[in-house]
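Reminder, nothing fancy here: chain letters follow the sequence lines and each chain counts from 1.
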Protein chains: 2
Amino acid sequence: MNDRTTAGPDGTTARPGRPLRRDAAENRERLLRAAWEVFAEVGQDAGVEEIAHRAGVGMGTLYRRFPTKDALLTALSDEILDTVLQRARELAEAHADGKGLEQVLTYIGSVLASHHGCLTRLWQAVPPTADTRRAELWSLLAGLLEEAQHGGEVRGDLTLSDVYLAVLSLRGIVDDTAGRAPEVWRRHLCVILAGFRPSDRALEHPPADDALVHAAVATPAARRSAAR
Amino acid sequence: MNDRTTAGPDGTTARPGRPLRRDAAENRERLLRAAWEVFAEVGQDAGVEEIAHRAGVGMGTLYRRFPTKDALLTALSDEILDTVLQRARELAEAHADGKGLEQVLTYIGSVLASHHGCLTRLWQAVPPTADTRRAELWSLLAGLLEEAQHGGEVRGDLTLSDVYLAVLSLRGIVDDTAGRAPEVWRRHLCVILAGFRPSDRALEHPPADDALVHAAVATPAARRSAAR
DNA sequence: GGCCAACCGGAGATGTGACTCCGCATACCG
DNA sequence: CGGTATGCGGAGTCACATCTCCGGTTGGCC
């Protein structure tokens, strides 16, 4: 314990207490890339051995870089979150006309589709490190929602948690159909977006509390990983 | 092998080759009920021991009644399917005005919500025994869809696979939110139903092939269970 | 009541997958 | 170029979950 004096407790992100040796850094990348592939193909319960093998390293290396399988998963989803966040910023800027929400949701869908399996975690609980980025993503989406409502693209009684539910919905569909029909999520997103548009008929059920979104951002321990 | 002469290979349904002894039949029921509870609470990867314990029987009994954990899961989802099918028939009859689709989807949502965890299987591949019931459910939904379209409740370019996607969508949401906000699926269903209603703007993405639904009914082996 | 097939319990056998340990190799510093 | 901290591989450990086996028990029929 208390190895905070060494090169870095690592585990989630490359924090430069001292930079990793060249080969070590390279292997870290290789591992992340392999994990990315394997999790996308097999799903979250892919074997750790397969990942190490595909990265061309031994088990020891994997576990020195990521102290636990969970940490690997987390590091990976953090990386993806960065990508998503960056692209979301771009899209938000390029579509200030109220279409931004639609664009970002479509992008998120495509990310889910290409990494189905390793992304459950992205929309669930997370270690505190990532909180700020996650919060930024949601506040960005909140802004886009407001813009879309202002521009008359989206009905006024929609809330951020409805957007959150839309994402969960896409994840569920991707999970079940990625193998046999990898593009159907787009169709369903069209249906949801149609449901988002203004209408004279009110939504019958009251909106969920936005705490739903914030809980997803801040919950201390992953529900699902506890159940295993 | 070839024990077809005995009281019944069992495993999926109580098929009376010879009726089970009273205590055996009772234990079978107890096991199903316990499995129902435990799977609903913990999810699909709940331990078998917990189920046996809660049913008040030993492991041996469990495995004599259901030759495999998978068989237990299947028997359970078959039972639930029966319930759903029966209620769906009633609802379809009671709402011949085009509102039937909405009613049945709401009912399915509530079933998903009360048994999140043991129901993945219901909407996935299944052993051939259940095929006819599954097919009936979908043809029933197809009828309701047509009725709803005829009555102007639902847009004309909607297909059965869109209904299927709606169900998958609900499942995804229930899976992630059952713990902290067990009713939000209703809100999302409202959004989907709003998207189902007629509109002057066409859905941008083409509908999925209805083979998607039929594949879900007839696929020989469960994808997910193969991945484990 | 007596007999036997059917049934019961629960302690292991078996298999799987996460994680560790340690002798050897390699990059970096002077 | 030599010394050492850092990193590497992969066989072995450990924990856990599913499934089997068998000595003892029980329900149902004569």
Side-chain angles (χ1 to χ4, degrees), chain A residues 1 3-11 14-31 34-35 38-39 42-75 222 224-228, chain B residues 1 3 5-11 14 16-31 34-35 38-39 42-75 225-228:
Chain A
M1 312 301 146
D3 47 7
R4 216 160 310 150
T5 58
T6 81
D10 216 332
R15 181 168 10 143
R18 184 179 319 174
L20 290 172
R21 228 168 69 175
R22 200 176 37 232
D23 51 351
E26 196 172 304
N27 281 337
R28 205 189 113 94
E29 276 315 302
R30 245 206 277 272
L31 278 166
V38 174
F39 284 136
V42 185
Q44 288 198 67
D45 4 336
V48 181
E49 201 153 0
E50 167 73 15
I51 293 174
H53 177 70
R54 196 172 311 192
V57 306
M59 298 286 289
T61 303
L62 194 160
Y63 275 93
R64 200 167 318 101
R65 230 27 72 204
F66 304 95
T68 197
K69 177 181 179 177
D70 210 79
L72 177 56
L73 226 17
T74 302
R224 178 147 323 191
S225 68
R228 305 224 150 150
Chain B
M1 309 299 148
D3 48 5
T5 60
T6 81
D10 214 332
R18 185 180 318 173
L20 290 172
R21 225 167 71 174
R22 200 173 38 233
D23 50 350
E26 195 171 303
N27 281 337
R28 204 190 113 95
E29 276 316 301
R30 246 206 277 270
L31 279 166
V38 174
F39 283 137
V42 185
Q44 287 198 68
D45 3 336
V48 180
E49 202 152 359
E50 167 73 15
I51 294 174
H53 176 71
R54 197 174 309 196
V57 305
M59 297 288 289
T61 304
L62 193 159
Y63 276 94
R64 199 168 318 101
R65 232 24 75 202
F66 304 95
T68 197
K69 177 182 178 178
D70 210 80
L72 176 57
L73 225 18
T74 302
S225 68
R228 305 213 154 164

Distance, rounded to the nearest Å, where [X] contributes [atom1] and [N] contributes [atom2]:
X: A/Glu49; N: D/dA11; atom1: CD; atom2: P; value: 9 Å
X: A/Arg54; N: D/dG9; atom1: CZ; atom2: C1'; value: 20 Å
X: B/Arg28; N: C/dC8; atom1: CZ; atom2: C1'; value: 17 Å
X: B/Phe39; N: D/dA17; atom1: CZ; atom2: P; value: 13 Å
X: A/Ile51; N: C/dC19; atom1: CD1; atom2: P; value: 12 Å
X: B/Leu31; N: C/dC7; atom1: CG; atom2: P; value: 14 Å
X: B/Arg30; N: C/dC7; atom1: CZ; atom2: C1'; value: 14 Å
X: A/Leu62; N: C/dC21; atom1: CG; atom2: P; value: 16 Å

**Asked** Can you name the closest pair of heavy atoms from B/Leu31 and B/Val57 and give their distance?
**Response**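 That would be CD2-CG2, 3.7 Å.
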**Item:** Considering all heavy atoms, the nearest A/Tyr63-A/Lys69 contact
**Value:**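 It is CE2-N, 4.3 Å.
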**Prompt:** Reckon A/Ala25 touches a base, only the sugar-phosphate, or nothing at all at heavy-atom distances under 4.0 Å?
**Reply:**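 Here A/Ala25 touches no strand at all.
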**Asked** NA contact type, A/Gly47, heavy-atom cut-off 4.0 Å: base, sugar-phosphate, or nothing?
**Response**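 Result for A/Gly47 = sugar-phosphate.
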**Message:** I'd like to check the salt bridge (charged side-chain N to carboxylate O under 4.0 Å, His left out) partners of A/Glu29; sequence neighbours left out, ordered by chain and number.
**Reply:**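 For A/Glu29 there are no salt bridge (charged side-chain N to carboxylate O under 4.0 Å, His left out) partners, ignoring immediate neighbours.
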**Asked** Can you list the residues that meet the salt bridge (charged side-chain N to carboxylate O under 4.0 Å, His left out) rule with A/Glu26, with sequence neighbours excluded?
**Response**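 By the salt bridge (charged side-chain N to carboxylate O under 4.0 Å, His left out) rule, A/Glu26 matches A/Arg30.
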**Terminal axes of the helix from C/dG1-D/dC30 to C/dG30-D/dC1 (five pairs each): angle between them, nearest 10 degrees** =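 Here the helix ends are tilted 10° relative to one another.
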When you check the phosphate oxygens OP1 and OP2 of [N], does a side-chain N or O of [X] lie under 4.0 Å from one of them?
X: A/Tyr63; N: C/dT20; value: no
X: A/Asn27; N: D/dC8; value: yes
X: A/Thr68; N: C/dC19; value: yes

**Request:** Quick one: pull up CG in A/Leu20 and CZ in A/Arg65 and give me the separation to the nearest 0.5 Å.
**Result:**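 The distance works out to 5.0 Å.
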**Request:** List in chain and number order the residues that pass side chain to side chain contact (heavy atoms under 4.5 Å, CB included) with A/Arg21, two or more places apart in sequence or in another chain; answer none if no residue qualifies.
**Result:**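 Checked A/Arg21 against side chain to side chain contact (heavy atoms under 4.5 Å, CB included); matches are A/Asp23, A/Ala24.
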**Item:** Partners passing side chain to side chain contact (heavy atoms under 4.5 Å, CB included) against A/Glu50 (at least two apart in sequence or in another chain)
**Value:**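 Partners of A/Glu50 under the side chain to side chain contact (heavy atoms under 4.5 Å, CB included) test: A/Val38, A/Arg54.
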Tabulate protein N/O versus nucleotide N/O from nucleotides 12-16 of chain D, keeping only pairs under 3.5 Å, one per line.
none

**Prompt:** Quick one: does B/Leu73's side chain get under 4.5 Å of B/Phe66's, heavy atoms only?
**Reply:**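 Contact flag for B/Leu73/B/Phe66 side chains = no.
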**Item:** A/Val48 side chain reached by A/Leu72 side chain, heavy atoms, under 4.5 Å
**Value:**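 No; the side chains remain at least 4.5 Å from each other.
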**Prompt:** If you find the nucleotide of DNA chain D closest to B/Gly60 and the one closest to A/Thr61, which residue's nucleotide is nearer the 5' end?
**Reply:**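 Its nucleotide being nearer the 5' end, the pick is A/Thr61.
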**Comparing B/Lys69 and A/Gly56 on DNA chain D - which has the more 5′ nearest nucleotide** =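 Mapping each residue to its closest nucleotide by heavy atoms, the 5'-most match is A/Gly56.
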**Prompt:** Tell me, for nucleotides 22-30 of chain D in 5' to 3' order, what letter each nucleotide earns: B for a base near a protein heavy atom under 4.0 Å, S for only sugar-phosphate near one, - for neither?
**Reply:** ----BSS--
